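Throughout, residue positions are numbered sequentially from 1 according to the sequence presented. The structure displayed is predicted, hence computed values, not measured ones.
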Amino acid sequence: MVGRRTKLKEDTRFRVLRLLEENPEMSQRELAEAVGISVGSAHYVLNALIERGMVKLGNFSASQDKRRYAYFLTPKGAAEKAAITGRFLARKLEEYEALKREIDELKGEVGESLGSNGAATEPSQGRHD
């Protein structure tokens, strides 16, 4: 079984690859904000993807600031994204089904405590005027 930490790392990698495929010119700061991680974490993930040959670093040609980079998915990165997408979708469907079961259970519990008119029933208490 895959650990929670491994799943989170894969979810982060999936989101980064997906965002870069859509917008290779995202800055590390923009990427971090979109994924919900720190800029340092975004830097770490990007470097790991570059080292593994999944992302290629290029200059962002339209920028006046030549220190800006563009991050392009390589064929290996596109294949990895496709594989991760399948696992991500399966995991999210499992989470959805579990959440749906929990909601149904809660609805049942709430339904038991509601009267026929939909108002919550409370134990009868004597009135003390």
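- Residues Arg87 and Glu80 come closest through the heavy atom pair NH2-OE2, 4.1 Å.
- With values rounded to the nearest 0.5 angstrom, Leu49 atom CG is found 12.0 Å from Leu57 atom CG.
- With rounding to the nearest 0.5 angstrom, the CD atom of Glu33 is 11.5 Å from the OG atom of Ser38.
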Please walk me through it: do Lys56 and Ile50 pass side chain to side chain contact (heavy atoms under 4.5 Å, CB included)? CA-CA 6 Å; Lys56 180 178 145 190; Ile50 291 167; over 6 Å; no
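- Scored by the side-chain contact (heavy atoms from CB on, under 4.5 Å) test, Glu105 finds no partners at all (sequence neighbours excluded).
- The two residues Gly58 and Phe72 have their closest heavy-atom pair at CA-CE1, 4.4 Å.
- Closest approach of Phe88 and Arg15 over heavy atoms only: CZ-NH2, 3.8 Å.
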Working note: Leu73 + Met54, criterion side chain to side chain contact (heavy atoms under 4.5 Å, CB included); need CA distance, chi angles, decisive distance, verdict. CA-CA 6 Å; Leu73 264 62; Met54 294 183 201; over 6 Å; no
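- Once rounded to the nearest 0.5 Å, the distance linking CD1 of Ile84 with OG1 of Thr12 reads 10.0 Å.
- Annotation for Ala42 and Ala32: closest pair CB-CB, 3.9 Å, computed over non-hydrogen atoms.
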List the steps, then state whether side chain to side chain contact (heavy atoms under 4.5 Å, CB included) holds for Arg91 with Glu10. CA-CA 11 Å; Arg91 198 166 43 254; Glu10 186 172 81; 3.4 Å; yes
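- The list of side chain to side chain donor-acceptor pair (under 3.5 Å) pairs with a residue in residues 93-103, not counting sequence neighbours, reads Lys92-Glu95.
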Side chain to side chain contact (heavy atoms under 4.5 Å, CB included) for Val55 and Thr74? Distances and angles first, verdict last. CA-CA 5 Å; Val55 172; Thr74 63; 5.8 Å; no
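- Side-chain atoms of Arg52 and Arg13, non-hydrogen and from C-beta on, do get closer than 4.5 Å to each other.
- Listed by chain and number, the residues in a side-chain contact (heavy atoms from CB on, under 4.5 Å) with Leu19 are Glu22, Met26, Leu31, Ala34, Val35 (sequence neighbours excluded).
- Between Glu21 and Tyr71, the side chains place no donor N or O within less than 3.5 Å of an acceptor N or O (distance only, hydrogens not considered).
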